[in-house]
Colleague: 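For reference, the structure I am asking about is given below.
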2 protein chains.
Amino acid sequence: MTETKIPKATAKRLPIYYRYLNILHDSDKNRVSSTELSEAVKVDSATIRRDFSYFGALGKRGYGYDVDSLLKFFKKILNQDKLTNAALIGVGNLGNALLNFNFHQNSNVRISAAFDVRPDLANTVQSGVPIYPMSELRKQLEDQQIKIVILTVPENVAQNVTDDAIAGGVRGILNFTPLRVSVPANVRVQNVDLTNELQTLIYFLDHYNEEE
Amino acid sequence: MTETKIPKATAKRLPIYYRYLNILHDSDKNRVSSTELSEAVKVDSATIRRDFSYFGALGKRGYGYDVDSLLKFFKKILNQDKLTNAALIGVGNLGNALLNFNFHQNSNVRISAAFDVRPDLANTVQSGVPIYPMSELRKQLEDQQIKIVILTVPENVAQNVTDDAIAGGVRGILNFTPLRVSVPANVRVQNVDLTNELQTLIYFLDHYNEEE
DNA sequence: GCTTATTTGTGAAATAATTTTCAATAAAAA
DNA sequence: TTTTTATTGAAAATTATTTCACAAATAAGC
Ligand SMILES: NC(=O)c1ccc[n+]([C@@H]2O[C@H](COP(=O)([O-])OP(=O)(O)OC[C@H]3O[C@@H](n4cnc5c(N)ncnc54)[C@H](O)[C@@H]3O)[C@@H](O)[C@H]2O)c1
Ligand SMILES: NC(=O)c1ccc[n+]([C@@H]2O[C@H](COP(=O)([O-])OP(=O)(O)OC[C@H]3O[C@@H](n4cnc5c(N)ncnc54)[C@H](O)[C@@H]3O)[C@@H](O)[C@H]2O)c1
């Protein structure tokens, strides 16, 4: 399953490259250099070449990279050639915005099921996604083979809900709550902490002025 | 302004520590060890001690850290002892969710103005925040001395809107669009790319199984 | 076909971040 | 008071990531 373990920092940049390659493809460009890519994605060109090189010699010297073959390669690597279903738990303020946003437009991920405790939401459809009561969480996760959950519940229930999701077989969590949830080693959590991002931004403005 | 330049990785963790210190404070705990903190925030205890040590000797050997004085210290460092105003541009799907979410509850940041091109939104109030037309962007940013912008507009206008905001004196941008915007060196961009996060999560599940 | 201009891929160096280790110190227990 | 226990702070080691710099390869121009 793992071809060769690439650095995590590289892995996080792959979707950025993938996205821009799609844009190039759509505008019928068929070659691109690391320098050109660098400007678009704001990553140093040497870093890009290094990143690509983990996967072998994908480019041609004096020419650059072939957009289509690179795109095909990354599509494979990122598993974007087949659809991945995700579940969303907590159809509130933020949850609704995410449901409404069609991830599928930009990637091969779609939210195929959502869950909430509110009885009035259960068994309705929001933005084309069926909402189930929490009592059905486990069953639906298992039936639909869902391995990824987007967590947008209130902080105080985040750990419980996480535990339930993991019991249902979930392996990855995109966590929007400020709580750092505890999970077993084989489950991956990606935290999106917006208050944090704002505070970090303020810190950098106050303390890292006038240079990069 | 800069006391001593601390590592960026450390800076990004400061709000996490700050948040948990507040929780400890609210539950009347008055001491905490790096080990205890480590479990709550999921950061190695040695990393925590190292992080803290950039600011001097804040703890006591054999005892730990005094919650209140640590909290006071971080409050100062993170500028959380005074209110920071931010603007939000693009009151759509995601923008509305963020407006509705009261950052001020968790931090001393609040959205004090929002902007949108839609004429029907101009001069209304959403979730207690006044919405202005884009023609007033520059004036309001300058009048209210807003240095931080939350960007939730469609991708294709993101660069233009960014340029306008910077012309209005903005120094930090929390960018929710997938576009990597171009900014001068003295402006900081923090990207929150949700499609990306999901794709990265999938990559890690597929390629980094069974270990950390 | 020869020359020049491009651009990759990668060793080596530089920089950044984490982790190990442990002496020093303070608190708590005896 | 003395001993034991807990815990920090920092030096050193390790690991991770980025960047430099350039030979090698190719394309494009002549
Ligand atoms: N809204 C934002 O812009 C924003 C920004 C940053 C962080 N967050 C975080 O995202 C999370 C959600 O925020 P929100 O503003 O959407 O809150 P919200 O209260 O609007 O939505 C939470 C939803 O979760 C549901 N819920 C409650 N308990 C549940 C349970 N046990 N199981 C399943 N569903 C349950 C509620 O019924 C509600 O629909 C919070 O943790 C918040 O801190 C939100
Ligand atoms: N909604 C999500 O959950 C989500 C998730 C990931 C990324 N995003 C990104 O966030 C951005 C906004 O997404 P959304 O779903 O809220 O879109 P949206 O279309 O619902 O909202 C965009 C808003 O921006 C306004 N706008 C358009 N042009 C403008 C301009 N020139 N100046 C000011 N305002 C302008 C529109 O009137 C609209 O209200 C997009 O770039 C999207 O890719 C959204």
Side-chain angles (χ1 to χ4, degrees), chain A residues 2-14 16-17 21 24 29-70 73-74 180 185 200 203-204 207-208 211-212, chain B residues 2-14 16-17 21 24 29-70 73-74 180 185 200 203-204 207-208 211-212:
Chain A
T2 309
E3 43 275 296
T4 329
K5 197 67 66 51
I6 61 161
K8 286 188 191 173
T10 297
K12 290 187 188 165
R13 283 188 292 263
L14 298 181
I16 310 180
Y17 301 143
L21 286 170
L24 289 175
K29 279 208 71 181
N30 46 22
R31 68 185 266 193
V32 66
S33 70
S34 58
T35 320
E36 193 184 343
L37 214 42
S38 172
E39 279 187 31
V41 301
K42 312 278 187 269
V43 172
D44 185 86
S45 70
T47 302
I48 293 179
R49 292 199 300 279
R50 169 76 66 195
D51 283 349
F52 288 4
S53 78
Y54 290 114
F55 300 101
L58 305 177
K60 267 203 271 200
R61 293 169 190 227
Y63 176 86
Y65 300 87
D66 179 71
V67 171
D68 278 13
S69 57
L70 205 54
F73 187 81
F74 279 121
R180 259 50 187 176
T200 302
Y203 183 86
F204 278 112
H207 300 270
Y208 287 66
E211 38 58 65
E212 178 63 6
Chain B
T2 310
E3 43 275 296
T4 330
K5 196 68 64 55
I6 62 161
K8 285 187 190 173
T10 296
K12 289 186 188 165
R13 284 188 292 262
L14 298 181
I16 310 180
Y17 301 143
L21 287 170
L24 289 175
K29 279 208 71 180
N30 46 23
R31 69 184 264 194
V32 67
S33 70
S34 58
T35 319
E36 193 184 343
L37 213 42
S38 172
E39 280 187 30
V41 301
K42 312 277 188 269
V43 173
D44 184 86
S45 68
T47 302
I48 294 180
R49 292 199 298 280
R50 160 69 101 220
D51 283 349
F52 287 5
S53 77
Y54 290 112
F55 301 101
L58 304 178
K60 266 201 271 201
R61 291 168 191 227
Y63 175 86
Y65 299 88
D66 179 72
V67 171
D68 278 15
S69 56
L70 205 54
F73 188 80
F74 279 120
R180 261 43 188 180
T200 302
Y203 183 86
F204 278 111
H207 300 269
Y208 288 66
E211 37 60 65
E212 178 63 6

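Naming convention: chains lettered A, B, ... in sequence-line order (proteins, then strands); numbering from 1 in each chain.
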Colleague: Send over the distance from A/Lys8 NZ to D/dT18 P, rounded to a whole Å.
Modeller: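 Atom-to-atom, A/Lys8 to D/dT18, this comes out as 14 Å.
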
Colleague: Should B/Arg180 and A/Glu39 count as an ion pair when the cut-off is N to O under 4.0 Å?
Modeller: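 Looking at A/Glu39 together with B/Arg180, the answer is no, because their closest N to O distance does not fall below 4.0 Å.
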
Colleague: Using five pairs at each end of the helix from C/dG1-D/dC30 to C/dA30-D/dT1 to define an axis, what is the angle between those two axes, to 10°?
Modeller: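 Helix axis angle between the two ends: 10°.
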
Colleague: Does some side-chain heavy atom of A/Lys8 sit less than 4.5 Å from a side-chain heavy atom of B/Phe204?
Modeller: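 Answer yes - side chains close enough.
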
Colleague: Rounded to whole Å, how long is the line connecting atom OH of B/Tyr54 with atom P of D/dA10?
Modeller: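 That distance rounds to 11 Å.
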
Colleague: Would you say that B/Phe52 contacts B/Thr47 through its side chain, given a criterion of any heavy-atom pair below 4.5 Å between the two side chains?
Modeller: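 B/Phe52 does not reach B/Thr47 side chain to side chain.
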
Colleague: For B/Phe55 and D/dA10, what is the distance between atoms CZ and P respectively, to the nearest whole Å?
Modeller: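 Computing the B/Phe55:CZ to D/dA10:P distance gives 14 Å.
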
Colleague: Could you tell me the boundaries of the chain A footprint on DNA chain C, defined by atoms under 4.0 Å from its heavy atoms?
Modeller: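 Using the under 4.0 Å cut-off, the span is C/dT6 to C/dA12.
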
Colleague: Nearest whole angstrom, please: distance from the C1' of D/dG9 to the OH of B/Tyr63.
Modeller: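 Spelled out: OH on B/Tyr63 to C1' on D/dG9 is 18 Å.
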
Colleague: I want to check something: taking the side chain as every heavy atom from C-beta on, are A/Asp68 and A/Asn30 in contact at a cut-off of under 4.5 Å?
Modeller: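 A/Asp68 does not reach A/Asn30 side chain to side chain.
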
Colleague: Is it true that a side-chain atom of A/Ser53 and a backbone atom of A/Gly56 form a donor plus acceptor pair closer than 3.5 Å?
Modeller: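 A pair under 3.5 Å: no.
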
Colleague: Does A/Gly62 or A/Ala57 map to a spot on DNA chain C nearer the 5' end, using the closest nucleotide for each?
Modeller: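 Upstream on the strand: A/Gly62.
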
Colleague: Is there a donor-acceptor pair under 3.5 Å between the side chain of A/Ser38 and the backbone N or O of A/Val43?
Modeller: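 Looks like yes, one N/O pair under 3.5 Å.
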
Colleague: Pick base, sugar-phosphate or nothing for B/Ser34, based on heavy-atom distances below 4.0 Å to the nucleic acid.
Modeller: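 Sugar-phosphate, no base atom in range.
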
Colleague: Which word best sums up how the rings of A/Phe73 and A/Phe55 line up, parallel for under 30°, tilted for 30 to 60°, or perpendicular for over 60°?
Modeller: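 If you compare the ring of A/Phe73 with that of A/Phe55, the planes turn out perpendicular.
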
Colleague: Is B/Lys60 close enough and on-axis enough to B/Tyr65, meaning under 6.0 Å and within 45°, for cation-pi?
Modeller: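 B/Lys60 over B/Tyr65 ring: no.
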
Colleague: In whole angstrom, give the distance that lies between atom CG of A/Leu58 and atom C1' of D/dT26.
Modeller: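 In whole Å, D/dT26 C1' and A/Leu58 CG are 16 Å from each other.
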
Colleague: Output the rounded distance in Å from CZ (A/Arg61) to C1' (D/dC22).
Modeller: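 Taking atom C1' of D/dC22 as the reference, CZ of A/Arg61 is at 10 Å.
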
Colleague: With ring centroids as reference points, do A/Tyr203 and B/Phe74 lie under 6.0 angstrom apart?
Modeller: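 No, too far apart.
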
Colleague: Round to the nearest Å and state the distance from A/Ile6 atom CD1 to D/dT18 atom C1'.
Modeller: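 Distance check: A/Ile6 CD1 to D/dT18 C1' gives 15 Å.
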
Colleague: In whole Å, I'd like the distance from the NZ atom of A/Lys60 to the C1' atom of D/dA25.
Modeller: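 Distance check: A/Lys60 NZ to D/dA25 C1' gives 11 Å.
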
Colleague: Is the terminal nitrogen or CZ of B/Arg31 (NZ for Lys, CZ for Arg) located under 6.0 angstrom from the six-membered ring centre of B/Tyr63 and within 45° of that ring's axis?
Modeller: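 Here B/Arg31 passes the 6.0 Å and 45° test against B/Tyr63.
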
Colleague: In residues 41-52 of chain B, which ones come under 4.0 Å of DNA chain D, going by heavy atoms?
Modeller: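 Heavy-atom cutoff 4.0 Å gives B/Arg49, B/Arg50.
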
Colleague: Do B/Asp51 and B/Ile6 touch side chain to side chain, with heavy atoms closer than 4.5 Å?
Modeller: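 No, too far: nothing below the 4.5 Å cut-off.
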
